[in-house]
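Here's the structure we're looking at; comments come further down.
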Amino acid sequence: MKDEKLQKALARMGLGSRRQMEEVIKAGRVSVNNGPATIGDRVSPGDEIRVDGRQIKYTSENEKRRRVIAYYKPEGEICSANDPEGRPTVFERLPKLTHDRWVMVGRLDINSTGLLLFTNDGEMAHRLMHPSNEITREYAVRVLGEVTPDIARTLTSGVMLEDGMAQFEDIKEGGGEGVNKWYHVKLKEGRNREVRRLFESQGLKVSRLLRTSYGSIVLPKELRTGRFMELDKKEINTLTDLVAMRPRYGTGLHGAAKEKQERIKNKPLKARRSDSSRSSDSRNGAKPKTSGSPASRGSRNTRDRNNKR
């Protein structure tokens, strides 16, 4: 008996959404066992699947270990696997996978920092990003100017942007002095530069933006800029619960990998800045800059974390 539909299998392996995979199949770019594939074909382990001539290693959904990593993105890295301009990308520092690939969950623009999730489960990534699932993202934002009560009401009621209505689910003051003040905001979607555009619609400029959480995952306090941590079974299952996916056998960390993760938690690795920042500083003869102090996340002040990096 065949395992699953071809378009679902390709999406799960991180090649794109199901709809995108259906278009790829319709275009004649996929073959199964040396024959042209059609929408609705079912595949199982042992079948030879090729996309644009490249063989795709198929693993049954129940056999594949679901993995998720949390990465602290620094400024200067782009959220793409490749960049024509040669800029550093968020994928360059991720652990290598054999016959598998990391799929990014959401994006951050080149000037933004903070939590990025990656998984080897394409279907999980798709569900976590899809607007219908309303997964909450939280950000610490430094704004040039004051968010008055009227502006806060406008931003939480809804603003018409060029790509439709947008709004914050919540906005709270986060401290700061002078003209630069910090705010904590929540969104239930992830359109391009949405946080910045919402503030800009009110004549305010965002000078720093840090994503502090995505769904149930909060940026770990022991995670340093430019580093990643792999999530354990319990953390991964909280994410799959949000998007109504069944837990999978073998999920999370085991053996030596789990021991290594515990060592990193107890003794965090030093922060790593983006290659573009280092090369720019080197050309200019400047010393590395320390990051500013974003507003506190919950009860812990992020200034303390930065001072310890």
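Just so you know, these numbers come straight off a predicted model, no measurement behind them.
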Under 3.5 Å side-chain donor-acceptor pair for Tyr139 and Glu194: no
Give me the ring orientation class for Phe118 and Tyr71: parallel if the planes are under 30° apart, tilted from 30 to 60°, perpendicular past 60°. perpendicular
Count the heavy atoms belonging to other residues, nucleotides or ligands that lie under 6.0 Å from CD of Glu173, then report whether that count exceeds 12. no
Would you say Val195 and Val141 make side-chain contact, with heavy atoms under 4.5 Å? yes
Spell out, as yes or no, whether a donor-acceptor pair under 3.5 Å connects the side chain of Arg29 to the backbone of Lys26. no
Side-chain touch Leu204/Ile151, heavy atoms, less than 4.5 angstrom: yes
Arg18 vs His126, side chain to side chain contact (heavy atoms under 4.5 Å, CB included): CA-CA, chis, key distance, verdict: CA-CA 9 Å; Arg18 288 194 200 184; His126 174 67; 5.9 Å; no
Could you see if Ile49 belongs to whatever hydrophobic cluster contains Val103? Use Ile, Leu, Val, Met, Phe, Trp, Tyr and a side-chain cutoff under 4.5 Å. no
Under the rule for side chain to side chain contact (heavy atoms under 4.5 Å, CB included), what residues qualify as partners of Ala37, not counting sequence neighbours? Leu6, Ile25, Val30, Val32, Asp41
4.5 Å side-chain heavy-atom contact, Tyr183 and Lys172: no
Whether the side chain of Gln202 engages the backbone of Phe199 through a donor-acceptor N/O pair (distance < 3.5 Å, no angle test) should be reported. no
Result of checking Arg107, Arg93, Arg87 against Glu77 for salt bridge (Lys or Arg N to Asp or Glu O under 4.0 Å): Arg93
Please tell me if the side chains of Val90 and Leu108 come closer than 4.5 Å, counting only heavy atoms from C-beta onward. no
Would you say Asn82 has more than 12 foreign heavy atoms packed within less than 6.0 Å of its CG? no
With no hydrogens and no angle check, is any side-chain donor or acceptor of Ser157 less than 3.5 Å from a backbone partner on Thr154? no
Hey, does Thr240 have a side-chain heavy atom less than 4.5 Å from the side chain of Arg246? no
Given Ser112, which of Arg211, Lys73, Arg196 fulfils the side-chain hydrogen bond (donor to acceptor under 3.5 Å, both in side chains) condition? Arg196
Can you name the residues that form a side chain to side chain donor-acceptor pair (under 3.5 Å) with Glu48, not counting sequence neighbours? Arg50
Residues which pass side chain to side chain contact (heavy atoms under 4.5 Å, CB included) with Asn180, listed by chain and number, not counting sequence neighbours: Arg142, Leu144, Ser207
Backbone of Glu138 reached by a side-chain donor or acceptor of Thr212 within 3.5 Å: yes
Hey, is the main chain of Arg67 close enough, under 3.5 Å, to the side chain of Thr119 for a donor-acceptor pair? yes
